[in-house]
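Structure, as structure tokens:
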2 protein chains.
Amino acid sequence: MGATKTDHFTDQQNQIATIAKALGHPARVAIIEHLLKVNTCICGDIVNELPLAQPTVSQHLKELKNAGLIKGSIEGNAICYCIDEKTFEVLKNYFSKIITTVSKQNCC
Amino acid sequence: MGATKTDHFTDQQNQIATIAKALGHPARVAIIEHLLKVNTCICGDIVNELPLAQPTVSQHLKELKNAGLIKGSIEGNAICYCIDEKTFEVLKNYFSKIITTVSKQNCC
DNA sequence: TTATTATATTGCAATATTACGATAAAGATT
DNA sequence: AATCTTTATCGTAATATTGCAATATAATAA
């Protein structure tokens with residue numbers, strides 16, 4: 001089929017999957033890393049940094065924004081994109097919890 | 001096109017994207033959470049826990065295994081699946097680094 | 001007003017993913 | 001051996017994703 005049965009899973013499972021999915025493409029990981037590197041929100045040079053056409057980059061930015069990983073604000077005729085720390089913290093805390101729980105297990 | 005241009009990105013970017021992609025489906029997140037909950041590696045009841053057919057679950061398990069998120073060992077005619085802590089630590093450390101770097105930025 | 005610049009949207013082709021029935025493979029049980 | 005149990009693979013249909021050319025939108029500059 002191809003359609004994911006999201007309604008069979010918990011809200012948290014869907015939330016983690018949605019965020020992880022957004023990071024499930026190297027171009028989007030590269031966008032995040034570029035936003036980190038420039039250390040400022042005057043973005044718009046992202047297109048020049050990536051080996052992808054402008055509409056493709058725009059689409060990836062949209063997906064990162066929908067997942068809550070970045071936020072964008074209009075600055076004149078350009079748009080300023082920034083990393084949304086909160087969502088990364090959701091991920092970090094989730095994985096921390098997994099690691100802690102696994103460590104307590106006494107098998108394997 | 002649909003084909004991802006992995007060769008244009010760094011090894012780390014591809015690695016993070018591959019792992020994140022594997023977690024980018026609620027069924028696979030649910031599998032991870034079930035492995036945590038049972039606190040043992042006598043798996044095989046995963047199929048009964050999920051609203052998906054056996055071949056579908058098997059496919060999801062394969063993807064989690066390929067991404068290094070779980071490991072499986074043969075136990076008689078059953079297979080014992082476990083969480084592979086190391087890969088989750090890769091993710092946690094990666095996100096921790098992002099959060100630390102963002103915190104140092106003075107914009108937005 | 002007419003460019004120019006920056007980003008988004010549309011439309012479409014190529015490819016990937018998801019899901020599952022049918023079937024295969026392999027060890028366990030009778 | 002014949003059967004059962006467990007998991008994997010194949011084949012295929014439905015849907016989603018990726019990428020980009022063309023075009024649209026919106027603010028700025030000339």
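Only a predicted model underlies this, so the values are computations on that prediction, with no experimental measurement involved. Here is how names work: the chains are called A, B, and so on, in the same order as the sequence lines, proteins then strands, and each is numbered from 1.
In terms of heavy-atom proximity, A:Tyr81 sits nearest to A:Leu35 at O-CD2, 3.5 Å.
Closest to the side chain of A:Leu61, out of C:dA8, C:dA19, D:dC20, is C:dA8. In the set D:dA27, D:dA8, D:dC20, D:dA8 carries the atom at the smallest distance from any side-chain atom of B:Ile79. Checking D:dC20, D:dA27, D:dT9 against every side-chain atom of B:Lys62, the shortest atom distance belongs to D:dT9. With C:dA22, D:dC20, D:dT18 as the choices, the nucleotide that has an atom nearest any side-chain atom of A:Pro55 turns out to be D:dC20. Of the candidate nucleotides C:dT18, D:dT6, D:dT9, D:dT6 has the atom lying nearest to any side-chain atom of B:Ala78.
When rounded to the nearest whole Å, the span between NE2 of A:His8 and P of C:dT18 equals 15 Å. Between A:Leu23 atom CG and D:dT17 atom C1' the separation is 16 Å, expressed in whole Å. Going from atom NE2 of A:His25 over to atom P of C:dT15 covers 15 Å, rounded to whole Å. Separating the CD atom of A:Glu63 from the C1' atom of D:dT18 is a distance of 9 Å, rounded to the nearest angstrom. Atom CG in B:Leu64 sits about 15 Å away from atom P in D:dT7, given to the nearest Å. Regarding B:Leu50, its CG atom lies at a distance of 11 Å from the P atom of C:dC20, rounded to whole Å. Atom CG in B:Asn66 sits roughly 14 Å away from atom C1' in D:dT9 (whole-Å rounding). Regarding A:Asn14, its CG atom lies at a distance of 13 Å from the P atom of C:dT18, rounded to whole Å.
In this model, the phosphate group of C:dA19 is approached by a side-chain N or O of B:His60 to a distance below 4.0 Å at OP1 or OP2. Taking only side-chain nitrogens and oxygens, A:Thr56 never comes nearer than 4.0 Å to OP1 or OP2 of D:dT18. Regarding contacts with the backbone of C:dA6, every side-chain N or O of A:Tyr81 stays at 4.0 angstrom or more from both OP1 and OP2. Checking the phosphate oxygens (OP1, OP2) of D:dA8, a side-chain nitrogen or oxygen of B:Ser58 falls inside 4.0 Å.
Taking CG of A:Leu91 as the start and CD of A:Gln15 as the end, the distance is 8.5 Å to the nearest 0.5 Å. B:Glu85 CD to B:Thr87 OG1: the interatomic distance, rounded to the nearest 0.5 Å, is 10.0 Å. Taking CD1 from A:Ile83 and CD1 from B:Ile98, the interatomic distance works out to 6.0 Å, rounded to the nearest 0.5 Å.
B:Lys65 comes within 4.0 angstrom of no nucleic acid atom, judged by non-hydrogen atoms across all strands.
Heavy-atom contacts from other residues, nucleotides or ligands closer than 6.0 Å to CG of B:Asn48 number more than 12.
When the nearest nucleotides of DNA chain D are assigned to A:Gly76 and B:Asn77 by heavy-atom distance, the more 5′-ward of the two goes with B:Asn77. The residue among A:Lys21 and A:Gln54 whose nearest nucleotide of DNA chain D is located toward the 5' end is A:Lys21. For B:Gly24 and B:Ile74, each mapped to the nucleotide of DNA chain C holding its nearest heavy atom, the one lying further toward the 5' end belongs to B:Gly24.
Classified by interplanar angle (parallel below 30°, tilted 30° to 60°, perpendicular above 60°), the ring pair B:His25/A:Phe9 is perpendicular.
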